[in-house]
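Note sheet for the following structure.
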Amino acid sequence: MANTGLEVPGESKFNPQESEMNYQAVVNSILDSYPLGGQVGRAWDVDRVTRWISALPPNAPETAKSSGKNAARAATIEAIVGFVFHQYGATSAHRLFHTRILPHLKSLLEPSLQPHVDVVCNRLGGPNGPLTEVVEASSLHASPAESVDAAEPPNKRASAAV
């Protein structure tokens, strides 16, 4: 198994240049329109607010029709991310990606990266956390070993302490 650089004790010092993993292939696979539209688009229920009609004939294979629908869903997701970036800035768009998009695509990642999706999601407020809120800085620098085992959104940690 390739060393991703994420297993370093203490603070995470991830360096893609030192890894054997092909990160461009990972990025391309999760941001492809088929999984982005198929998994994230369905989870977000974008069909409820968009309209897409296949230009293919009725006797076309179902996979061809669904790939077009997934491309339309993916374009909708991309537009939403672009809007968040434009309206609220890079920090909110970054938080949107890591808390609302990447968790739905986690299964497409290398197994060594999958636990870190939940860690980062929870460090950034969890899947239902606000996108514009600043997360407590100390929670962003916890060690990966601690975080993978006990990753909880900041609001749950605060309520547990009360």
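How far CD1 of I77 is from NE2 of H104: 8.5 Å, rounded to the nearest 0.5 Å. Atoms SG and CZ, from C121 and R95 in turn, are 11.0 Å apart once rounded to the nearest 0.5 Å. Distance check, rounded to the nearest 0.5 Å: CG of N128 to CZ of R100 gives 6.5 Å.
Looking only at distances, no side-chain donor or acceptor of R73 sits under 3.5 Å from a matching main-chain atom of V40. Judged by distance alone, with hydrogens and angles left aside, the side-chain atoms of S92 form no donor-acceptor pair with the main-chain N or O of G89 at under 3.5 Å.
Enclosure of atom CZ in F97 by more than 12 non-hydrogen atoms of other residues, nucleotides or ligands within 6.0 angstrom is indicated.
Counting heavy atoms from C-beta outward, V120 and T99 have side chains that stay 4.5 Å or more apart. Looking at heavy atoms from C-beta onward, L113 lies in side-chain contact with Y23 at the 4.5 angstrom threshold. Residues V84 and H86 form no side-chain contact, since every pair of their non-hydrogen atoms from C-beta on lies 4.5 Å or further apart. Within the 4.5 Å cutoff, side-chain heavy atoms of K69 are placed close to those of D47.
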Exercise for review: Give the C-alpha distance, both sets of side-chain angles, the deciding distance and a yes or no for side chain to side chain contact (heavy atoms under 4.5 Å, CB included) between N70 and R42.
Suggested key: CA-CA 9 Å; N70 286 334; R42 266 193 217 106; 4.3 Å; yes

**Study point:** Steps toward side chain to side chain contact (heavy atoms under 4.5 Å, CB included) verdict (F85, L96)
**Key:** CA-CA 9 Å; F85 179 84; L96 172 70; over 6 Å; no

Review point. Would T91 and T132 count as a side chain to side chain contact (heavy atoms under 4.5 Å, CB included) if you check the C-alpha gap in whole Å, the side-chain angles of each, and the deciding distance to 0.1 Å?
Key: CA-CA 8 Å; T91 302; T132 57; over 6 Å; no

Check your understanding: Given the rule in the side chain to side chain contact (heavy atoms under 4.5 Å, CB included) test, do E78 and L31 qualify, once you have shown the distances and angles that lead to the verdict?
Key -> CA-CA 10 Å; E78 292 164 359; L31 296 181; over 6 Å; no

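Residues I30 and L109 come closest through the heavy atom pair CG2-CD2, 4.0 Å. Looking at every heavy atom in both residues, S29 comes nearest to V26 through OG-O, 2.9 Å. Of all heavy-atom pairs spanning L108 and P35, the tightest one is CD1-CB, 3.4 Å. Nearest heavy-atom pair across P103 and H98 is CD-O, 3.5 Å. A pairwise comparison of heavy atoms in A71 and S33 identifies CA-CB, 3.9 Å as the closest pair.
For the pair K106 and D118, the salt-bridge criterion is met [side-chain N within less than 4.0 Å of a carboxylate O].
Both V81 and V27 belong to a single network of hydrophobic side chains, linked directly or stepwise wherever heavy atoms of I, L, V, M, F, W or Y lie under 4.5 Å apart. With hydrophobic clusters built from ILVMFWY side chains whose heavy atoms lie under 4.5 angstrom apart, Y34 does not share a cluster with V46.
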